[in-house]
Visitor: 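This is the structure I have questions about; it appears just below.
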Amino acid sequence: MTKPYKTLDDISALCGDITGKRVLVREDLNVPMAEGAVSDDTRLRAAVPTVAELADRGAVVLVLAHFGRPKGVSSPQLSLAQVTRPFEQVLGRPVRYIDWDGAGDAVATLAPGDIALLENTRFFAGEEKNAPDVVERFAALGDLYVNDAFSAAHRAHASTEGLARALPAFAGRQMEAELDALEKALGDPEHPVAAVVGGAKVSTKLDVLRHLVARVDHLIIGGGMANTFLAARGVNVGKSLCEHELASVADGIMAAADAAGCTVHLPYDVVVAAEFRANPPVRTVNVHEVAAYEMILDVGPAAVEALGDVLKNCRTLVWNGPMGAFETPPFDAATVALARTAAALTGDGGLVSVAGGGDTVAALNQAGVADRFTFVSTAGGAFLEWMEGRELPGVAALAR
Ligand code: ADP
Ligand code: MG
């Protein structure tokens with residue numbers, strides 16, 4: 001099936017043999033560092049398939065990436081030079097670091113199959129402004145452009161969007177995998193579809209909820225945001241995190257769900273505590289029994305059991321946001337239990353499960369099930385914007 005965007009499989013047909021061609025590859029190498037070492041190399045590993053494939057095909061591979069938020073000011077602390085060795089190790093091939101000064105001359109010395117990492121794109125103030133002079137400066141170094149950084153695709157920056165307009169542009173393998181998984185989960189999913197939306201606040205996910213109610217059969221609301229929906233229905237949520245001023249918005253979302261034939265699931269039992277700390281005294285109660293001094297910090301076990309049954313009848317699941325305050329025990333119980341059910345159903349072949357969001361990924365890792373989901377997106381902001389149904393500029397620019 002032809003994809004709506006161009007991939008590495010289209011390069012030969014459109015641009016001929018790429019031996020010796022200079023390919024600018026935008027990756028997400030914004031890895032966390034601790035004491036001078038990379039503390040999580042997930043993003044480095046994600047970059048390997050595309051970089052290795054292009055090098056094997058004889059291209060001169062020039063990796064572009066940002067690192068931290070230098071806001072146009074160069075500094076050794078935010079130099080990608082320190083990521084060059086770790087990237088080499090993950091890649092299992094030599095990587096040449098190239099500074100912006102004299103980059104053109106350095107690139108000219110590279111041979112087919114060579115791989116180089118260019119300095120932090122955000123050392124140019126114009127990168128985040130998608131400034132034409134920065135686009136030109138990058139474009140002058142290459143013949144082709146490959147965007148492999150889905151997680152940066154919600155920003156129209158010079159290296160994520162501008163370049164795709166300046167050079168023949170293609171999606172890399174990681175970008176392709178991400179877009180395929182997201183398409184399977186929400187673009188053209190097998191029904192019934194369930195969405196789990198949790199996390200702290202409704203206000204940060206209003207557009208996500210509005211987009212989902214028209215597309216999914218079951219909307220499972222958990223986390224702090226469930227409190228706002230419960231309160232809108234007249235439940236006294238005590239001292240829980242709750243955006244009371246959004247009651248009418250919550251009502252509107254529930255009405256839109258009704259009209260679209262989407263069933264909204266709110267917890268009917270909850271885990272409450274009088275203090276928010278690790279292992280305080282807790283009670284598991286019906287939502288109508290929360291005392292004025294208590295906080296709802298997790299979904300209760302009866303609701304989790306019922307939600308597991310909902311998932312058993314679904315073919316597709318998209319998940320963003322934890323069901324409870326999972327960082328603080330024992331309020332991870334619902335998230336962990338539901339994640340394990342989803343993982344088991346996925347393993348049985350009955351469910352396509354796609355999850356994303358910074359805290360969601362951490363929670364799935366904590367539950368030990370991240371690798372048993374069909375796809376876990378590590379793209380925070382881009383994943384959420386995609387869940388809102390927005391067009392991502394970095395993806396739009398790769399359209400056929
Ligand atoms: P993501 O990063 O996956 O999009 P969010 O940032 O929206 O998720 O939400 C995650 C946060 O929500 C976590 O820090 C978690 O502790 C918090 N949270 C979940 N449930 C509750 C609750 N009942 N009360 C307070 N905070 C909660
Ligand atoms: Mg978060």
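Just so it is clear, the model here is predicted, and its values are computed rather than measured. Counting convention: from 1, in listed order, for ligands and their atoms alike.
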Visitor: Where do D10 and K3 land on the salt bridge (charged side-chain N to carboxylate O under 4.0 Å, His left out) test, with the steps shown first?
Guide: CA-CA 10 Å; D10 297 304; K3 301 193 171 170; over 6 Å; no

Visitor: Which residue and atom name correspond to the protein heavy atom nearest atom 9 (O) of ligand 1, and how close is it?
Guide: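 The closest one turns out to be G199 CA, 3.1 Å.
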
Visitor: Hey, does I296 come in under 3.5 Å of ligand 1, counting only N/O atoms on both sides?
Guide: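 The answer is yes, given that I296 and ligand 1 share an N or O pair closer than 3.5 Å.
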
Visitor: List ligand 1 atoms under 4.0 Å from G324, heavy atoms only on the residue side.
Guide: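 So the answer, numbered in order with elements, is 15 (C), 18 (N), 19 (C), 20 (N), 21 (C).
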
Visitor: Say you draw a straight line from CE of M387 to CG of N320; how long is it, rounded to the nearest 0.5 Å?
Guide: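 CG of N320 is found 5.0 Å from CE of M387.
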
Visitor: Salt bridge (charged side-chain N to carboxylate O under 4.0 Å, His left out) for E385 and R155? Distances and angles first, verdict last.
Guide: CA-CA 10 Å; E385 289 202 18; R155 305 276 183 250; 3.8 Å; yes

Visitor: Do any nitrogen or oxygen atoms of N320 lie less than 3.5 angstrom from nitrogen or oxygen atoms of ligand 1?
Guide: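 Yes, N320 has an N/O under 3.5 Å of an N/O on ligand 1.
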
Visitor: Report yes if the distance between the aromatic ring centroids of F124 and W100 is under 6.0 Å, otherwise no.
Guide: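 Distance test on ring centres: under 6.0 Å, yes.
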
Visitor: I want to know if ligand 1 touches N227 in the polar sense, i.e. an N/O pair below 3.5 angstrom.
Guide: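 Between N227 and ligand 1 (N or O atoms, distance only) the closest approach is not under 3.5 Å.
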
Visitor: Yes or no on side chain to side chain contact (heavy atoms under 4.5 Å, CB included) for L110 and L62, after CA distance, side-chain angles and deciding distance?
Guide: CA-CA 10 Å; L110 298 173; L62 306 170; 3.6 Å; yes

Visitor: So which bit of L241 gets within less than 4.0 Å of ligand 1, heavy atoms only: side chain, backbone, both or neither?
Guide: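 The side chain, only.
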
Visitor: Are R137 and E127 close enough for a salt bridge, meaning some N to O gap below 4.0 Å?
Guide: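 Here R137 does not pair with E127 in a salt bridge, since their nearest N and O are not under 4.0 Å apart.
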
Visitor: Starting from atom 6 (O) of ligand 1, find the nearest protein heavy-atom neighbour and note its residue, name and distance.
Guide: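 Among all protein heavy atoms, the one nearest atom 6 (O) of ligand 1 is D359 OD2, 2.9 Å.
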
Visitor: One residue to check: E327. Relative to ligand 1, which of side chain, backbone, both or neither has a non-hydrogen atom less than 4.0 Å away?
Guide: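 Within the 4.0 Å criterion, E327 contacts ligand 1 through side-chain atoms alone.
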
Visitor: Thinking salt bridges, do R93 and D56 make one under a 4.0 Å N-O criterion?
Guide: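 The answer is yes: the pair qualifies as a salt bridge.
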
Visitor: Please name the atom of D359, limited to N, O or S, that comes nearest to the Mg ion (ligand 2).
Guide: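 Checking each N, O and S atom of D359, the shortest distance to the Mg ion (ligand 2) belongs to OD2.
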
Visitor: Is there a polar contact between ligand 1 and G224, counting only N or O atoms under 3.5 Å apart?
Guide: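 Yes, G224 has an N/O under 3.5 Å of an N/O on ligand 1.
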
Visitor: Decide, yes or no, whether a salt bridge links D28 with R43 under the criterion of side-chain N to carboxylate O below 4.0 Å.
Guide: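 Here D28 pairs with R43 in a salt bridge, since their nearest N and O are under 4.0 Å apart.
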
Visitor: Give the numbers and elements of all ligand 1 atoms closer than 4.0 Å to a heavy atom of K205.
Guide: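 The atoms of ligand 1 under 4.0 Å from a heavy atom of K205 are 1 (P), 4 (O), 5 (P), 7 (O), 8 (O).
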
Visitor: Under 3.5 Å between any N/O of A200 and any N/O of ligand 1: does that happen in this structure?
Guide: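 Yes; at least one N/O pair falls below 3.5 Å.
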
Visitor: Starting from atom 3 (O) of ligand 1, what is the nearest protein heavy atom, named by residue and atom, and what distance separates them?
Guide: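 The answer is T360 OG1, 2.4 Å.
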
Visitor: With heavy-atom distances below 4.0 Å as the criterion, list the atoms of ligand 1 near G358.
Guide: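 Checking each atom against G358, I get 2 (O), 3 (O).
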
Visitor: Is the shortest distance from a Lys or Arg side-chain nitrogen in R173 or D9 to a carboxylate oxygen in the other one below 4.0 Å?
Guide: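 Salt bridge: yes.
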
